[in-house]
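Encoded as structure tokens, the structure appears first; notes follow it.
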Amino acid sequence: MPEIILEVKNLEFSFRTYGGVVKAVRDISFDVRKGELLGIVGESGCGKSVSVQCILRLNPEPPGFFEGGEILYKGKDIVKMSNRELRKIRGVEIGFIFQDPMTSLNPTMRVGKQIEEIFVGRKEVSRAEAKQKALEILELVGINEPERRYRQYPHELSGGMKQRVMIAIALVGQPGIIIADEPTTSLDVTIEAQILDILKELQEKFMTSIILITHDLGVVAKMCDRVLVMYGGKIVEEGPVNAIFYETAHPYTSGLIQSIATLDTSRDEELVPIEGTPPDLFSPPVGCPFAARCEYAMEICGMMMPDRTQVTPEHYSACWLLHEYAPDVELPAVVRTTEAEEITPSPEQVETEERV
Amino acid sequence: MNNQTSREVLLEVKDLSQYFRISRDKVLKAVDHVNFKIHRGETVGLVGESGCGKSTTGRTILKLYTPNTGNVYYRGKDVFTFTADEDMQYRKQAQMIFQNPHSSLNPRMTVKDIVGAGMKIHNLAKSKELDGRIEALLRKVGLNKDHMSRFPQEFSGGQKQRIGIARALSVVPEFIVCDEPISALDVSIQAQVLNMLKKSQQDLGLTYLFIAHDLSVVKYISDRVIVMYLGTIVEEAVSEDLYRNPLHPYTQVLLSSIPIADPEQVRRKKRRIVSGEVASPITPPAICRFVSRCPLADQVCREQMPPLREVEPGHNVACFKV
């Protein structure tokens with residue numbers, strides 16, 4: 001097993017609001033391994049963004065605060081770090097790609113300067129070297145005419161270009177870990193495909209670990225090695241990507257898989273929605289957060305949170321159905337198709353040169 | 001829902017253009033000479049990337065804009081020359097479900113007022129019956145009586161979208177423009193709303209223009225699909241046809257860009273990747289709009305605009321190379 005480079009242990013993070021305390025992240029533990037692409041999937045409000053923002057302490061504190069847990073990076077606990085220590089990690093050792101490139105770039109600063117900003121105040125990199133690195137990285141993320149783009153302002157770039165710049169900013173310090181928070185959600189599908197390809201390529205090239213947050217199971221299937229499924233501030237299932245899709249072990253994951261319309265869904269089929277709505281995290285349920293919407297829910301589910309249970313060596317699920325006294329239930333998952341059954345249009349791969 | 005060739009044409013869009021002047025010498029051609037028909041009872045999917053003019057088309061059809069050229073015929077009559085009475089009728093019969101449920105409900109009105117407003121305007125219910133009618137509508141979309149006196153902000157996104165649907169259904173429309181009705185919703189909620197839209201169509205015999213960028217969803221809900229690119233229609237076909245046999249290079253790229261939720265299939269699938277981005281819709285030249293990204297483009301594509309022509313029965317493509 002590859003080396004573990006980041007370890008999150010029993011993390012609990014909440015926000016104080018006028019309405020009370022929102023328990024956004026409730027006791028989650030996971031690790032990030034060297035060179036892997038770890039996906040975190042879940043719906044809005046499930047705590048996926050908050051939990052990764054904790055890793056760089058990007059949540060505003062206050063109103064946010066840690067209720068417990070630790071985040072171990074290179075033997076040190078990020079939760080206890082001072083601002084000075086954090087600054088040495090942010091962008092340099094752990095990079096962050098934000099969801100919305102339209103609002104995450106500084107509109108008053110030239111693109112090049114924003115990329116170089118990380119080297120400001122670091123004696124080991126001269127200005128000329130910083131510029132050189134910025135230009136190289138722009139080229140690497142697929143921006144043509146880097147010299148011209150270097151001098152432009154964000155409003156002069158399209159959405160896809162801006163997201164490339166965001167990736168460039170995250171990459172330029174050559175961090176060991178990159179956190180990408182829904183990097184393609186605001187982009188069109190053809191641009192999304194380009195950006196995802198770049199991320200994957202760069203990850204393989206630099207052996208960077210990427211934590212990819214998304215709500216799109218298609219993106220997960222395409223990109224990730226390992227997946228965490230979050231719901232109601234907790235991790236409900238965790239495992240290698242194939243296990244999550246083909247040997248689904250949590251009713252929520254299974255429900256998600258069934259509720260999406262795919263190209264193979266026939267028009268006469270009715271989609272199977274997950275009825276109800278996600279839990280209110282002002283007063284989170286005592287038991288399993290999914291119990292209220294789960295078709296397999298038993299009495300125990302509303303009373304106690306199930307333990308993280310091992311399904312296969314790398315595959316864990318927090319569900320009472322896995323308890324030895326629980327009834328045997330076959331959860332619907334993605335059915336593996338063989339090559340012959342597929343009807344895929346246009347087999348040849350066409351790459352055209354970049355023109356903008 | 002199946003055989004639409006013999007069906008009555010409910011709505012016809014002829015040569016429709018919608019331009020927006022953005023400065024003295026710059027014109028943004030959001031929709032540029034577009035033609036299509038919608039038959040009674042069918043669902044037509046309108047897909048394309050952001051900025052391709054799909055929402056503008058939907059809005060112009062509903063008279064939210066005045067088009068620069070072209071006409072929209074509803075049951076054979078031009079909607080832009082309607083008399084006041086006809087206009088009132090049209091605004092009752094043609095409804096819209098908006099993309100963003102958080103911004104399309106008046107925050108100062110209760111659910112009862114929002115859903116009841118249309119019925120009052122069109123005199124569809126006496127004040128005594130009104131409450132009962134609203135209650136029935138809410139029940140149909142999965143809400144209940146207790147929700148009537150609440151305000152929009154007390155609801156989740158999925159619930160707000162149901163209120164939007166109830167509002168559209170309240171005036172017993174024939175035709176609904178669904179402008180990305182599920183794209184602002186969470187995955188687990190999307191299926192609920194899709195099923196509801198499908199069921200309402202079956203129960204009430206509605207006709208939909210379903211605007212979306214999610215091709216899987218469009219395939220699931222539509223009888224016929226129109227693909228737009230930069231203000232023009234590039235391909236139009238019966239749903240199964242379009243997905244089995246996409247002819248326009250753009251449609252092919254679009255289809256192979258969809259992320260599939262099946263890891264092994266993704267790894268096997270060979271993809272058609274397109275580089276580059278959508279060109280600008282501001283004063284575009286009269287040539288093929290896809291030319292800058294198209295792998296097949298040659299001289300003729302850079303000189304003329306390809307007309308939309310029928311390649312197979314019911315399958316229209318605007319490309320010289322097909």
Side-chain angles (χ1 to χ4, degrees), chain A residues 43-45 142 158-161 188-194 196-197 215-222 224 241-242 245-246 255-263 265 267 269-275 277-278 293 334 336-337 339 342-356, chain B residues 1 49-51 156-159 186-195 198 213-217 219-223 239-240 243-246 249-250 252-279 292-296:
Chain A
E43 296 171 76
S44 42
S158 66
M161 281 284 172
D188 281 316
V189 274
T190 60
I191 308 296
E192 171 176 59
Q194 294 173 9
L196 291 179
D197 282 351
H215 63 263
D216 187 337
L217 287 173
V219 172
V220 174
K222 176 175 166 170
C224 300
V241 66
N242 278 9
F245 282 92
Y246 303 122
L256 271 189
I257 288 171
Q258 283 184 86
S259 70
I260 47 174
T262 66
L263 287 179
T265 315
R267 296 246 320 280
E269 262 173 72
E270 194 168 322
L271 295 176
V272 190
I274 307 178
E275 295 297 349
T277 46
R293 301 172 77 184
V334 175
R336 276 180 214 246
T337 50
E339 227 152 317
E342 285 169 30
I343 31 152
T344 332
S346 57
E348 93 259 39
Q349 182 163 350
V350 184
E351 292 216 35
T352 56
E353 63 182 272
E354 177 118 352
R355 267 162 296 188
V356 187
Chain B
M1 283 189 91
E49 294 180 86
S50 45
S156 67
Q159 286 175 317
D186 266 320
V187 199
S188 77
I189 309 295
Q190 288 186 353
Q192 297 176 4
V193 173
L194 270 183
N195 281 344
K198 256 197 152 162
H213 64 268
D214 184 334
L215 289 137
S216 318
V217 170
K219 177 173 187 237
Y220 174 67
I221 200 152
S222 309
D223 300 290
S239 189
E240 286 81 25
Y243 286 85
R244 202 183 320 110
N245 183 24
Y250 176 65
Q252 292 174 355
V253 164
L254 207 55
L255 280 179
S256 78
S257 303
I258 307 175
I260 306 169
D262 184 340
E264 289 186 358
Q265 200 182 327
V266 175
R267 262 162 243 157
R268 280 197 302 268
K269 189 179 156 193
K270 293 197 184 94
R271 292 181 310 128
R272 215 170 229 268
I273 299 168
V274 70
S275 51
E277 295 181 18
V278 183
S292 63
R293 300 172 83 186
C294 183
L296 308 173

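Per chain, numbering begins at 1; letters A, B, ... match sequence-line order.
- What you find for A:Glu275 and B:Gln192 is that their closest heavy atoms are CA-NE2, 3.5 Å.
- Every residue meeting the ring-ring contact (aromatic ring centres under 6.0 Å, His included) condition with B:Tyr250, not counting sequence neighbours, appears here in chain and number order: B:Tyr229, B:Phe290.
- Atom-to-atom distance recorded for A:Phe245:CZ and B:Glu264:CD is 11.5 Å, nearest 0.5 angstrom.
- Using a 3.5 Å distance cut-off with no hydrogens or angles, the side chains of A:Thr190 and B:Glu49 do pair a donor with an acceptor.
- Residue A:Val220: no heavy atom, backbone or side chain, is found under 4.5 Å from chain B.
- Shortest non-hydrogen contact noted between B:Pro259 and A:Asp216 is CG-OD2, 4.0 Å.
- Considering every non-hydrogen atom in both A:Ala261 and B:Val217, the closest pair reads CB-CA, 4.4 Å.
- The shortest non-hydrogen separation linking A:Ser259 to B:Ala191 is O-CB, 3.3 Å.
- Scanning both residues, A:Leu271 and B:Asn195, for their nearest heavy atoms gives O-ND2, 2.8 Å.
- B:Ser50 touches chain A through backbone and side chain together, each having a heavy atom under 4.5 Å away.
- From A:Leu217, atom CG reaches atom CG of B:Asp262 across 11.0 Å, with rounding to the nearest 0.5 Å.
- One finds the CD1 atom of B:Ile260 at 10.0 Å from the NZ atom of A:Lys222 (value rounded to the nearest 0.5 Å).
- Contact of the B:Ser216 side chain with the A:Ile260 side chain is not registered, since no non-hydrogen atoms from C-beta on lie closer than 4.5 Å.
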Do A:Val189 and B:His213 pass the side chain to side chain contact (heavy atoms under 4.5 Å, CB included) test, and can you show the C-alpha distance, the side-chain angles, and the key distance before you say yes or no? CA-CA 8 Å; A:Val189 274; B:His213 64 268; 5.6 Å; no
